[in-house]
Amino acid sequence: MAEFLLAASGFVLAMVAVGLVRVLHGPANADRMMATQLFGTGGIAVLLLMAAATDVTALEDVALVMALLAAFAAVAFVIGGARSDAPEPGAARRP
Amino acid sequence: MTIDFALDCGIALLVLAVAGWTIVARASFAAVVGFVSFGLLVTLAWVRLAAIDVALTEAAIGSGLTGALLLGAAARLRSNETAKQAEVPGAALRIASALLAATVAATLAAAVLLLPDPAPTLAPAAAANSGATGLGNPVTNVLIAFRAMDTMLEKVVLVLALVGVWSLAADRCWGGMPSPPRGADSGDATAFLAQLLTPLGIVVGIYILWEGADHPGGAFQGGTILAAMWLLVMMAGLAKAPAISRRSLRLVLIAGPAVFLVVGLAGLWFGAAFLAYPVDHAKAVILVIEFVMTLTIAVTLALLLAGPPDREASP
Amino acid sequence: MSATVFGLCGAVAAGLGLYGVITDAQLLRKILAFNMLGAGVFLFFGVVARRGAAAGFAGDPVPHALVITGMVVAFAATAMAVALLLRLFTASGAATFAADTTSADSDSTDT
Amino acid sequence: MSILLDIFTVVAVTAGAFFFLAGTVGLLRFPDPLTRLHALSKADNLGVGLIVLGLLPRAAGPIGALKLIAVWLLVQAAGATVSQLIARAARRGMSQP
């Protein structure tokens with residue numbers, strides 16, 4: 001059973017990897033922002049499966065923290081990305 | 001066994017692929033997204049190395065907070081980016097530095113392969129002395145008891161770094177408020193997420209702190225989560241950053257190192273040595289230190305990310 | 001065995017970070033690459049800790065504690081570096097070192 | 001009984017993994033950010049839900065099961081809201097070339 005769960009976590013990780021390639025490639029910043037979404041779901045699933053496979057319940061706490069921080073990073077991405085997409089507020093500030 | 005090994009190799013290759021992509025990415029925004037992904041993958045590597053405490057720290061600080069910090073800077077530097085992209089160094093320098101980097105990597109790899117066998121370890125010593133503190137998590141034992149001096153000095157470093165960041169403020173803004181990155185018009189959804197996530201995050205942060213006594217977790221991880229939640233509320237515009245001249249704020253900032261120092265000096269006064277904990281109440285003293293430290297870490301990390309004050313203090 | 005894999009991974013990550021620190025013109029990217037270099041070195045500690053598994057622990061707790069301390073200090077240093085960079089940018093409009101020579105007119109405030 | 005539970009776990013986890021596959025295929029095949037986001041958030045959230053469901057019988061007692069469900073709820077809530085944020089950013093990005 002442990003091996004099945006570990007294999008499943010490897011499979012989900014492979015899906016995250018493929019998705020990550022697609023998402024990082026862009027071209028829009030909105031695509032790249034999905035990276036956090038990918039970890040917020042796929043990364044959590046990988047961790048939960050690993051936790052069950054190895055009987056280390058503390059991994060569920062890592063999943064919890066990753067879910068929270070992925071959401072936090074997503075907000076930072078959206079705010080930062082929105083600023084990057086916005087028209088420039090008058091070129092560089094020169095003295 | 002083979003599945004284990006394949007999984008490890010897969011994670012390692014993925015870490016390296018994302019690392020390489022991050023280094024060569026053109027736009028800063030893309031590079032920072034790559035860096036955050038890199039950090040979250042390294043978290044998985046730490047999990048596979050059976051270092052759950054470190055995995056928690058990496059997910060929280062190494063990936064989440066550092067990513068947000070770099071992203072805020074990237075957004076402010078945006079107008080500069082296109083103009084300066086031409087300034088890539090020449091091919092000769094790039095080849096030379098690639099050679100240097102490859103040499104360093106090869107040396108490190110050789111060091112990994114040539115590590116002594118059996119490996120030196122302090123684990124038996126940590127296990128033998130764990131009874132002295134009454135805590136079940138060996139990493140917390142090392143952090144708060146066996147190497148408490150390191151941890152105390154690290155708190156001092158955090159406060160010094162914050163002093164350094166603040167000292168970069170313009171004169172007229174001294175004592176004023178920092179302005180962490182804020183959503184301009186994405187208003188409702190950000191505010192909703194902040195309202196939804198913050199109470200949950202505070203519970204999780206305290207839970208991780210509490211778990212830290214006997215299971216992976218602790219003051220650093222819990223404090224970082226609390227810091228992230230405070231920043232989330234500020235980013236959503238639901239709360240303002242505090243003026244840095246506020247006395248209550250400054251008291252919280254020095255509370256962590258101060259409690260450590262008081263306990264340390266008390267150990268010198270009543271007991272055997274600096275930072276020697278009273279034998280009968282070691283666990284209680286450690287829990288008090290951890291609790292105060294968590295508060296200090298949360299506030300310090302959040303303010304480090306918020307940057308120097310750039311608005312004058314409002315009367 | 002798995003420890004060795006991640007050790008090699010950390011070594012290469014450190015090398016990539018070093019390359020980025022030297023060759024990237026933008027200071028922000030240098031800071032980012034420096035963090036990557038640090039992450040690689042931290043993984044190295046993880047390998048040493050994992051190999052030192054004994055006394056019922058899955059790893060030596062001392063390197064783990066060192067890495068946790070190191071990560072927090074690395075964040076503090078990064079925050080300091082970013083603050084310096086933003087200050088440099090507001091003072092001179094430059095976010096690279098190279099700007100000192102190529103656009104000397106724009107940064108008369110510092111040398 | 002335990003064999004039945006094991007079969008349940010295998011079936012649910014496999015179904016969850018299938019939805020991750022579907023989400024990734026959608027991510028690769030769909031033409032623009034909004035549809036890609038749709039594929040990612042819908043399929044992956046269902047995937048996490050099924051995997052949590054499959055792991056519930058193996059949880060360490062009722063507290064462990066509650067924690068798993070809490071993780072799932074958190075992923076649901078955060079995922080839905082973050083998708084909304086990204087979708088707004090994508091729409092803004094498309095309106096200005």
Side-chain angles (χ1 to χ4, degrees), chain A residues 1 4-5 7-23 26-34 36-38 40-49 51-53 55 57 60-61 63-64 66-68 70-75 77-82 84-87, chain D residues 6 9-10 13-14 16-29 32-34 36-37 39-41 43-52 54-55 58-60 63-64 67-68 70-72 74-79 81-94 96:
Chain A
M1 195 59 186
F4 166 75
L5 292 174
S9 94
F11 178 79
V12 175
L13 182 68
M15 291 302 111
V16 172
V18 173
L20 200 59
V21 170
R22 173 67 196 82
V23 157
N29 275 351
D31 278 310
R32 302 205 170 103
M33 292 171 198
M34 288 178 214
T36 55
Q37 186 79 333
L38 210 51
T41 53
I44 305 301
V46 170
L47 283 169
L48 291 181
L49 285 167
D55 274 332
T57 45
E60 288 162 8
D61 296 344
L64 208 54
M66 198 186 258
L68 273 175
F72 169 73
V75 173
F77 281 1
V78 171
I79 290 174
S84 302
D85 280 340
Chain D
D6 273 3
T9 302
V10 169
V13 168
T14 310
F18 171 77
F19 276 103
F20 274 101
L21 178 68
T24 306
V25 170
L27 199 60
L28 290 176
R29 302 282 301 166
D32 62 273
L34 286 178
R36 284 197 284 267
L37 182 65
L40 184 63
S41 48
D44 282 12
N45 272 329
L46 203 53
V48 174
L50 282 167
I51 285 177
V52 165
L55 294 179
R58 303 177 57 83
I63 300 287
K67 200 203 267 179
L68 278 177
V71 171
W72 176 63
L74 176 65
V75 168
Q76 286 288 304
T81 323
V82 166
S83 303
Q84 164 88 350
L85 281 175
I86 297 177
R88 285 181 189 217
R91 203 182 54 186
R92 252 199 322 268
M94 278 190 294
Q96 343 165 310

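Lettering of chains follows the sequences in order, A, B, ..., and the numbering in each one begins at 1. In this text the structure is predicted, and so the values were computed from the model without any measurement.
- Only the side chain of D:Leu74 comes within contact range of chain A, judged by heavy atoms closer than 4.5 Å.
- Of the listed residues (A:Asp55, A:Val75, A:Leu64), the one with the most heavy-atom contacts under 4.5 Å to chain D is A:Leu64.
- Side chains of A:Gln37 and D:Ser83: a donor on one and an acceptor on the other come within 3.5 Å.
- Highest contact tally toward chain A, considering only D:Ala17, D:Gly16, D:Ala78, D:Ser41, is held by D:Ala17 [criterion: heavy-atom pairs under 4.5 Å].
- Both the backbone and the side chain of A:Leu48 come within contact range of chain D, with heavy atoms under 4.5 Å apart.
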What verdict does the side chain to side chain contact (heavy atoms under 4.5 Å, CB included) test give for D:Arg88 and A:Val78, after you've listed the backbone C-alpha separation in whole Å, the side-chain angles of each residue and the deciding distance to 0.1 Å?
CA-CA 9 Å; D:Arg88 285 181 189 217; A:Val78 171; over 6 Å; no

Exercise. Go through A:Arg22 and D:Thr24 one step at a time and tell me if the side chain to side chain contact (heavy atoms under 4.5 Å, CB included) criterion holds.
Key: CA-CA 9 Å; A:Arg22 173 67 196 82; D:Thr24 306; over 6 Å; no

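- The heavy-atom pair separating A:Thr57 from D:Lys67 by the smallest distance is O-NZ, 4.1 Å.
- Of the two parts of D:Leu37, the backbone and the side chain both hold a non-hydrogen atom closer than 4.5 Å to a non-hydrogen atom of chain A.
- For D:Val52, the part sitting under 4.5 Å from any heavy atom of chain A is the side chain, from C-beta outward, and nothing else.
- Using a 4.5 Å cut-off between heavy atoms, A:Ala8 contacts chain D through its side chain alone, with no backbone atom that close.
- For the residue pair A:Ala67 and D:Val75, the shortest heavy atom distance occurs at CB-CG2, 4.2 Å.
- For A:Met1, the part lying under 4.5 angstrom from a heavy atom of chain D is the side chain only.
- Distance check: D:Asp44 CG to A:Ile44 CD1 gives 11.5 Å after rounding to the nearest 0.5 Å.
- Taking 4.5 Å as the limit, some side-chain heavy atom of D:Arg58 sits within range of a side-chain heavy atom of A:Leu5.
- Interface residue A:Val23: only side-chain heavy atoms are found under 4.5 Å from chain D.
- For the set D:Leu68, D:Thr81, D:Asn45, D:Thr14, the entry with the most heavy-atom pairs within less than 4.5 Å of chain A is D:Leu68.
- Remark: A:Phe4 CZ is packed, more than 12 non-hydrogen atoms of other residues, nucleotides or ligands lying under 6.0 Å away.
- In this structure, D:Ile51 and A:Val12 have side chains that are in contact, with non-hydrogen atoms separated by less than 4.5 Å.
- Contact tally against chain A (heavy-atom pairs below 4.5 Å) for D:Thr9, D:Ile86, D:Val71: the top residue is D:Ile86.
- Closest approach of A:Gly42 and D:Phe20 over heavy atoms only: CA-CE2, 3.5 Å.
- Chosen from D:Val48, D:Val25, D:Val10, the residue pairing most often with chain A at heavy-atom distances under 4.5 Å is D:Val10.
- Using a 4.5 Å heavy-atom threshold, the side chains of D:Val82 and A:Met33 count as separate.
- Side chains of A:Phe11 and D:Leu21 form a contact here, defined as non-hydrogen atoms less than 4.5 Å apart.
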